[in-house]
Each structure stands twice: as C-alpha cells, then as structure tokens.
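We use all heavy atoms of the structure for the numbers below, so side chains are in, but hydrogens, waters and symmetry mates are not. We're numbering straight along the sequence, starting at 1. Quantities reported herein were computed from a predicted structural model and do not represent experimental measurements.
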Amino acid sequence: MEQLIQLVQEAKKGDADAFTRLMQMQMQSLYKVAKSIMWSDEDIADTIQDTIFSCWRNLKGLKEPRYFKTWITRILVNKCKDHIRRNQTLFGDEALFGLSSNDTDLDKVEWKETLRLLDEKYRLVMMLYYIEGFKTSEISQILEIPEATVRTWLVRG
C-alpha cells in the first residue's frame, strides 16, 4: 500500500515513469473489471485506454492517494457504461455480450455464459467483491449506490 501511495504522489507531481508503474500495477485489475462489464477484447482495450488517459488528466484532483484504486475503478466503470450506451444504439445488446470465436476453453465459456445470465449490476458487484476483493463500502463508492444495495445485489447475484 505504501508503494502505491508513493507512486500516486510522484505521478501527481507529473512523474510519467511513476504513472507508468502505477498503471502496470493496476492493469490486471482494470482488465478483470472491464471484462465483467463488456466481452469484446477490443472494446475492453479501448475503454482501459480511455480510463488511463482520464486518470492521467485528472490525477491531480485525487485528494487521498490511498483511495486511488477505488477512484480509477469508478472511472473505468463509468467509461464502460458510456461505451455500452454508445454501442447499444449501433449494434444492439447481443454484440456486446456474444462469445468470441476464439473462446475454446470450456471453463471460460461456461464462466462467461454464467456471468452473461446475470444482470449487469449483479455481475459487476460480484466481480468487484469476489474477484477484485473490494469491500462493500468501496463498491458503494465506485458505483455510487448505497452500501445496503451492494449487499443485496451480492445476495441476489
């Protein structure tokens, strides 16, 4: 945690190397969260790229470096939702949630199908809680919903 805080403080001062290391530390987490919302690797890559750019532009506005992960995850979730809204009008829901033709591993297909059956709000809350290890209070901040709602969605999911 101290390394994260130190990198955030250095990046806020404009240190591009610190920002790069910070993003490398977060990349796997960002990918998992984005993957829980969207299925296309190209869309995920675009959304993560937008998130990183937005993070770089707005990092000086982050008041508490220890909340960096929650902050960047909230940015990512919002970017994913924006991307989905834009693309739903163009392609419809099925284009966003279809399995790609190169998904041959049965476990991956079953996992994707299981997640696909869940409503987006449940899928996202479950990924943030069980896969990313966020607390319900942090998920509440990320999604801007009451903590009781997060707990309810976890149970329902």
Side-chain angles (χ1 to χ4, degrees), residues 1-84 87 95-145 150 153-154 157:
M1 182 64 144
E2 287 185 35
Q3 179 186 13
L4 176 80
I5 292 171
Q6 181 66 34
L7 286 172
V8 171
Q9 289 171 340
E10 291 173 14
K12 283 178 76 169
K13 294 176 185 173
D15 185 340
D17 290 334
F19 183 76
T20 300
R21 288 193 310 272
L22 187 61
M23 290 300 104
Q24 288 171 342
M25 287 174 60
Q26 302 302 314
M27 194 56 65
Q28 186 174 16
S29 175
L30 293 174
Y31 179 81
K32 287 178 184 177
V33 171
K35 189 74 171 176
S36 74
I37 301 170
M38 303 185 306
W39 298 105
S40 163
D41 284 333
E42 293 82 16
D43 291 343
I44 291 168
D46 289 345
T47 304
I48 290 174
Q49 183 178 2
D50 289 347
T51 300
I52 292 170
F53 181 67
S54 182
C55 179
W56 175 251
R57 270 196 340 242
N58 299 305
L59 187 59
K60 291 182 180 176
L62 177 64
K63 294 179 179 125
E64 280 292 328
R66 67 180 177 200
Y67 296 124
F68 175 79
K69 187 171 181 177
T70 302
W71 179 74
I72 194 170
T73 303
R74 177 186 283 173
I75 292 171
L76 176 66
V77 168
N78 289 334
K79 295 286 183 187
C80 288
K81 287 180 178 182
D82 290 346
H83 186 83
I84 288 170
N87 287 338
L96 294 170
F97 296 108
L99 293 170
S100 67
S101 59
N102 58 2
D103 283 331
T104 55
D105 185 71
L106 186 57
D107 290 338
K108 281 185 183 178
V109 172
E110 288 176 357
W111 170 246
K112 284 184 176 185
E113 280 299 312
T114 301
L115 284 178
R116 182 175 179 238
L117 295 173
L118 292 175
D119 187 83
E120 179 188 332
K121 61 187 175 189
Y122 302 136
R123 182 174 58 245
L124 181 56
V125 167
M126 291 181 74
M127 281 293 294
L128 290 172
Y129 186 79
Y130 290 110
I131 306 299
E132 292 306 312
F134 282 104
K135 298 175 188 168
T136 55
S137 60
E138 294 170 323
I139 296 170
S140 171
Q141 290 175 352
I142 291 168
L143 300 179
E144 299 175 333
I145 59 175
V150 172
W153 288 358
L154 280 171

Just so I know, are the side chains of [X] and [Y] near enough to count as touching, which here means a heavy-atom distance under 4.5 Å?
{"X": "E138", "Y": "K135", "result": "yes"}
{"X": "I52", "Y": "F19", "result": "yes"}
{"X": "W71", "Y": "V8", "result": "no"}
{"X": "F68", "Y": "Q26", "result": "yes"}
{"X": "Q28", "Y": "K32", "result": "yes"}

Check your understanding: In this structure, which one of L76, V77, D82 forms a side-chain contact (heavy atoms from CB on, under 4.5 Å) with C80?
Key ->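 In the set L76, V77, D82, the residue that makes a side-chain contact (heavy atoms from CB on, under 4.5 Å) with C80 is L76.
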**Study point:** side-chain contact (heavy atoms from CB on, under 4.5 Å) partner of I142, the single match among I72, T70, L124
**Key:**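 When I72, T70, L124 are each tested with I142, the side-chain contact (heavy atoms from CB on, under 4.5 Å) holds only for T70.
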Ignoring hydrogens and angles, tell me if any N or O in the side chain of [X] forms a donor-acceptor pair with the backbone of [Y] under 3.5 Å.
{"X": "K12", "Y": "L62", "answer": "yes"}
{"X": "S36", "Y": "R123", "answer": "no"}
{"X": "T51", "Y": "T47", "answer": "yes"}

List in chain and number order the residues that pass side-chain contact (heavy atoms from CB on, under 4.5 Å) with [X], two or more places apart in sequence or in another chain; answer none if no residue qualifies.
{"X": "E10", "result": "Q6, L7, D15, A18, R21"}
{"X": "Y129", "result": "T136, I139, L154"}
{"X": "E64", "result": "R66, Y67"}
{"X": "F53", "result": "R57"}

Review point. Which residues pass the side-chain hydrogen bond (donor to acceptor under 3.5 Å, both in side chains) test with S29, sequence neighbours left out?
Key: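 Checked S29 against side-chain hydrogen bond (donor to acceptor under 3.5 Å, both in side chains); matches are E132.
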Check your understanding: How about Q9: does its CD atom have over 12 heavy atoms from other parts shown lying under 6.0 Å from it?
Key ->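 Above 12, so yes.
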Point to revise | Crowding at CD, E144 (>12 non-hydrogen neighbours, <6.0 Å) | key: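 Check passes, neighbour count above 12.
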[atom1]/[X] to [atom2]/[Y] distance, rounded to the nearest 0.5 angstrom?
{"X": "K69", "Y": "L30", "atom1": "NZ", "atom2": "CG", "value": "8.5 Å"}
{"X": "T20", "Y": "M25", "atom1": "OG1", "atom2": "CE", "value": "13.0 Å"}
{"X": "K79", "Y": "I84", "atom1": "NZ", "atom2": "CD1", "value": "14.0 Å"}
{"X": "C55", "Y": "N58", "atom1": "SG", "atom2": "CG", "value": "8.0 Å"}

**Study point:** Residue list, salt bridge (charged side-chain N to carboxylate O under 4.0 Å, His left out) with D46, at least two apart or on another chain
**Key:**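 By the salt bridge (charged side-chain N to carboxylate O under 4.0 Å, His left out) rule, D46 matches no residue at all.
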